[in-house]
Amino acid sequence: MKAPLSWLKDYVDIDIPAEELMQKLFSCGFEVEELIEVGKDISGVVVGEVVECEPVEGTHLHVCKVDCGKHGVLQICCGADNVKKGIKAPVALVGATVYATGKDHVTVEGVMTIKKGKLRGIESDGMLCSGVEIGVNGDTFEGGDYCGLLLLPREFENGADIKPLVGLNDYIFDIAVTANRPDCQSILGIAREVAAVLGKKVKEPDCSYTAVAGKYGEIKISDLAPELCPRYIGHYVKDVKIGPSPMWLKKRLSSCGLRSINNVVDITNFILLEMGQPMHAFDLNTLGGREIVVRRARDKEKIVTLDNNEFELNSENLVICDGEKPVALAGVMGGLNSEITENTGEVLFEAAKFARDSIRKTARALGQHTDSSALFEKGVNEYTTEKAMARALHLIQELNCGTVTDVHKDVKTEYSKLENKKMTVSVEKINALLGITVPTDKIVEILKSLSFEVAVNGDSLQLTVPRWREDIDLYPDIAEEIIRLYGYEHINGTFMPSASITNGGYSPEQKAEMRLKQALSGKGLYEISTYSFYSQKDLDTLHIPENDGRRNAIRILNPISEELSIMRTTLAPSVMQVIVRNLRRGNMEGNVYELAKIYLAKELPIASFPEERATLAIGMWGKCDFFDLKGAVETVADVLNTKFEYVPSKKEFLHPGITASVICDGVEVGYLGMVSPQIAGELALDRPAFIAELDYEELKNHAKPFRYSPLPKFAVETRDLALVCDKNITCGEIEKAIYGACKYVTDVKLFDVYAGGQVGEGKKSMAFTVTFTPKDEEISTRIDGFVKKILGNLKYNLEIDLR
Amino acid sequence: MEIHEKIKEIEAKISEALANVKISRHLQEVKMKFLGKTGEISELMKGMREVPPEKKREVGQLLNELRTRAEQRFDELNSKLKEKELEERYAAETIDVTMPAKKAESGSFHPNTLIRNELVSIFSGMGFEVFEGPEIENDYYNFTALNTPKDHPARDMQDTFYLAPDLLLRTQTSAGQIRVMENKKPPIKILSPGKVYRSDDDATHSPMFSQMEGLVVDKGITLCDLKGMLDEFARKVFGEGVKTRLRPSYFPFTEPSVEVDVSCFECGGKGCRLCKGTGWIEVLGAGMVNRRVLEGCGVDPDVYSGFAFGMGIERIAMLKYGINNMKLLFEGDTRFLKQFKD
């Protein structure tokens, strides 16, 4: 919301500097995001009078003597076509800053500093300026649009600083207005707040007018969609003379960045800025049946708006129609068919309140966002709707551009809000919420400054809420009004003296997650966090088949882009992206993990809460192999105090010979493996890459609680066994067989593998250290027996011999 | 006299032998030759039996002196040799200590995890327990129960990703507040960290980010209590002497609502680039829980009151570590990640 200081001054007597006002607004809840100093690029420009003007032969230049009052009479060389003796124009003195313009003399290309110079050998001690060069235009100063010199009135004193004379001494407050204060989306709304913080009265804008009575014919207005249009006011103005607006009006619009169009349209725009009420003016002659019907659009009904865009509508869109056809897209933009033109003679002004979400939906659906729709989306109040119509009629009379008739149609509905809200609040309760004691008379003073009517009755205050404050609901809202003006610096920290003691901290489950992260980070892995969404293309990259379950991803209905359009069903694509990104950036090795959720729909499209499943993914690349990855996976088993088994398996995107399923208590909980050479080739990976993914949600069920077991009374015994077996037998199979053969075996560790001449074709030798742990008895004498049994089993089941 | 000569002879032999000894191990062998059980000095001493009694005393003394001297000479040389040998060993074993260390490269936590842990440890000390709600929420928990009905303009403050007409990616961890209040009677002190999603994507916004929400509901909770807790938070996260400032703001689920700034920990409030010259840095939003929200959750607002606060974890991380681009947090670039060993 942009509010020029000069305009605010129309309603409040502001007697403090702009910076100080900015601070005051800030502390009462209106953050000034930017304080724009109008004309800050312009300096050293004064009024000058051309007292001599001689053409320079063979050029378009004139050499002038310019009287700059206290700055002396300067010789200035000038190329403008309207320079002549006797005129007054802005003079940029040596050292002045003005805008540099392009060849067209209109486009501003930057700021330049004026230097003493020579044009065609003639000395020039400054520059005579155009409007553009000093930042004024036709709406801010008469003649400002002309690309020659800006001609100044005779009464301007020679040598005087130009800035205040042409309105370049203003400040614009760019204010962040919170969503609960739509009433402050206007100059007047901000002025009310300024008045409250300064303890001044608001000078309300003049809304008086005299209607000319007479038989002007009825105008019919019907509201067929009161839920979308709670209030509609129409007023008929005749004898309209469309023409230019006066300078003061143009200046006001221009200070907020609007260009003047014509008097009637300018009045509606002025009121939009001043009061925050969007209005519309229809050319009454174009309205069939001199009638207005407010209704929902029919399916496929069409309208062409003022900006010459055609839209196809449906019943979600509210339209303003005449007796036959839509003539405006309610609250968004008028129709081209009822536009004010220079020939308009009769006008129907509209001031209405439209429902916030209806306008929002329409503006969004059609991609048609206007100043008007923005205000309606935030919410207008009917007090302002009523006032705005009166203000428009007042301005018609002030500008003398029409006759205000007494044909005034005010359609109120069951959704109208006509009364002031009344509420009773307790001073004690307000103070109890704040935790401090604000004196009652201070409270009353603050509320009155905000236009509340207050009657004090002991502890209770009977309040009449101003009609524009629709945000005021319960007493905490009143507490907020009080503290924001009383000052938050009065709030001193206390530490919940009345609160009960509670136990804090992570739940056991959250602690387990932290332990897992600690262990993995401790093992040299970096934790990553990637987006919860990706695209079907990312699944293509990993060759996930079309009909695979992982393709049943929940789609975001309104994604930012196709790249971020489905909720992930596996973390592998995200890890793959991280690996690819790192390698492309020259990070040639790395180990990462992510513990995050995947999202599994119970049905598609989803209609119920989907399952959010915590999943762990690990990625490694560069100087590493399968067993480094397996080491990280084993860390997970350690943290959960459980054991994993590994079974060779296949995965679309992994090397078929370097992939395993992870089994825990007989349940498959994940996989690990090397990214297949095919995919590595497609992604141009020049280093080996490995990915593991574990279903953490499932793993939680397999975590064994930690329990201390007393140290054995007898020492453990170990034996090394070198075995010869078929080369296809896996280490896992042998381990399992050894464990299975003897209940005293507590550890089996492979320490050597050999294949070659000494063990024969198709065979390999594997050497294990087997640890036997006694329970409650001495076992050293029984070890040989255990070994025999193990070897017997190995021979019988797997054809394995002792080497 | 024979014994004197023998002694001289032995001493000469010792001198000769010692002159040839270069290493301590050899010295030991030589020593045994003279002082060992069958060594020359020992043999000589064995001869004492044959010495006439009147000479025994004299000869005995001479031989003892011989032995003592010999032992001394051996010991002296031994320590000299040992010292020399040790020096040689040191020289031989000297390494280049500036060569790289053998260490298991340690990994790191994501900055968000670091900040989250720090916040949880601060607030759990104040009695807050951690609650994590679902990321996919329905309209009720994310908006309606938080006093943000369908036509409310506050919905525009947050661009929401929808998955179905009534299901969405939560835009705020405040959604978890409602789930807690529905299931737990006051006193309530919870922290609710987690991922949230908004349809925003630029240098300072990411479509996914994390928030940490706090909620207190109990008897007699005031705005001053909120301020007291925030002061404690600011001091612990940003350092001693860091102050907080409340200023009015708006959230549908709190009333009054405040924006909370901390005094700039970089410049101490004098104004610098980090605080854009204002001396203050915005860190979180907070407020007294709206009565309608309490009511909706079955908590009697005439008996209980409370406050809530919510902060962006990435924002805190970026401020604390001086990270200037939010994207870096989600790219998984190891050059970035390996720095976070806080």
Side-chain angles (χ1 to χ4, degrees), chain A residues 27-29 178-180 356-357 377-379 433-436 474 476-477 479-480 483-484 488 491-496 498-502 504-507 510 517 521 524-532 554 556-558 560 564 578 581-582 585 587 590 592 597 605-607 609-610 612, chain B residues 104-110 112-113 120 123-130 134-136 150-151 153-154 156-157 161-164 167 187 189 195 199 201 207-208 218-225 227-228 231 246-250 255-256 288 290-291 305 329-335 337-338:
Chain A
S27 60
C28 80
T178 52
N180 58 327
R356 303 186 289 204
D357 52 338
E377 284 174 36
K378 288 173 179 121
L433 186 66
L434 298 175
I436 54 171
L474 302 168
D477 297 288
E480 180 170 65
I483 192 63
R484 75 183 177 89
Y488 273 94
I491 299 292
N492 294 313
T494 53
F495 208 82
M496 301 186 249
S498 66
S500 327
I501 307 266
T502 48
Y506 278 129
S507 68
Q510 292 157 344
K517 289 185 182 184
S521 294
L525 278 75
Y526 302 122
E527 189 194 359
I528 55 172
S529 176
T530 56
Y531 288 158
S532 307
I554 302 163
I556 297 172
L557 300 178
N558 55 335
I560 283 190
L564 306 175
V578 166
R581 189 177 299 130
N582 271 290
R585 291 179 184 182
N587 304 331
V592 298
K597 287 170 167 182
I606 59 164
F609 285 113
E612 298 182 14
Chain B
E105 188 76 23
S106 63
S108 65
F109 289 126
H110 191 270
N112 283 2
T113 303
V120 167
F123 286 107
S124 48
M126 300 185 209
F128 285 77
E129 58 182 320
V130 181
E135 291 172 26
I136 294 177
K150 278 235 150 62
D151 75 323
D156 273 5
M157 295 154 69
F161 288 118
Y162 281 91
L163 306 176
L167 290 169
K189 272 194 211 138
K195 288 176 183 165
S199 178
D201 200 6
M208 178 184 94
D218 204 341
K219 287 176 183 161
I221 300 294
T222 71
L223 191 59
C224 289
D225 292 332
K227 164 90 167 146
D231 285 341
L246 307 185
R247 58 193 165 85
S249 187
Y250 171 68
E255 188 71 39
M288 302 304 291
N290 193 300
R291 286 172 65 86
S305 58
L329 291 161
F330 303 107
E331 285 180 340
D333 188 320
T334 55
R335 292 168 302 171
L337 298 169
K338 67 170 61 162

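Predicted, not measured: the structure shown is a model, and the values here were computed from it. Order of the sequence lines fixes the chain letters, A, B, ..., with proteins taken first and strands second; residue numbering starts at 1 for each chain.
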Ignoring hydrogens, what is the shortest heavy-atom contact between [X] and [Y]? Give both atom names and the distance.
| X | Y | value |
| --- | --- | --- |
| A:N558 | B:Y162 | OD1-N, 2.9 Å |
| B:S108 | A:Y526 | OG-CD2, 3.2 Å |
| B:D231 | A:G493 | OD2-CA, 4.2 Å |
| B:E255 | A:P476 | O-CB, 3.4 Å |

Evaluate side chain to side chain contact (heavy atoms under 4.5 Å, CB included) for A:F495 paired with B:M126, printing each intermediate quantity in order. CA-CA 10 Å; A:F495 208 82; B:M126 300 185 209; 3.5 Å; yes
With a 3.5 Å distance limit and no angle check, can you tell me whether [X] reaches the backbone of [Y] through a side-chain donor-acceptor pair?
| X | Y | answer |
| --- | --- | --- |
| B:R291 | A:L474 | no |
| A:T494 | B:D225 | yes |
| A:E527 | B:T113 | no |
| A:N582 | B:G332 | yes |
| A:E612 | B:I136 | yes |

What I'd like to find out is whether the side chain of B:K195 reaches to under 4.5 Å of the side chain of A:S532, using heavy atoms alone. yes
Any non-hydrogen side-chain atom of B:T222 less than 4.5 Å from a side-chain atom of A:L434? no
Decide, yes or no, whether a salt bridge links B:D333 with A:R585 under the criterion of side-chain N to carboxylate O below 4.0 Å. yes
Let me see the working for A:M496 and B:K189 under side chain to side chain contact (heavy atoms under 4.5 Å, CB included), right down to the final yes or no. CA-CA 11 Å; A:M496 301 186 249; B:K189 272 194 211 138; 4.0 Å; yes
So which part of B:L163 gets closer than 4.5 Å to some heavy atom of chain A, the side chain, the backbone, both or neither? both
Side chain, backbone, both or neither of B:K338 within contact of chain A (heavy atoms, under 4.5 Å): both
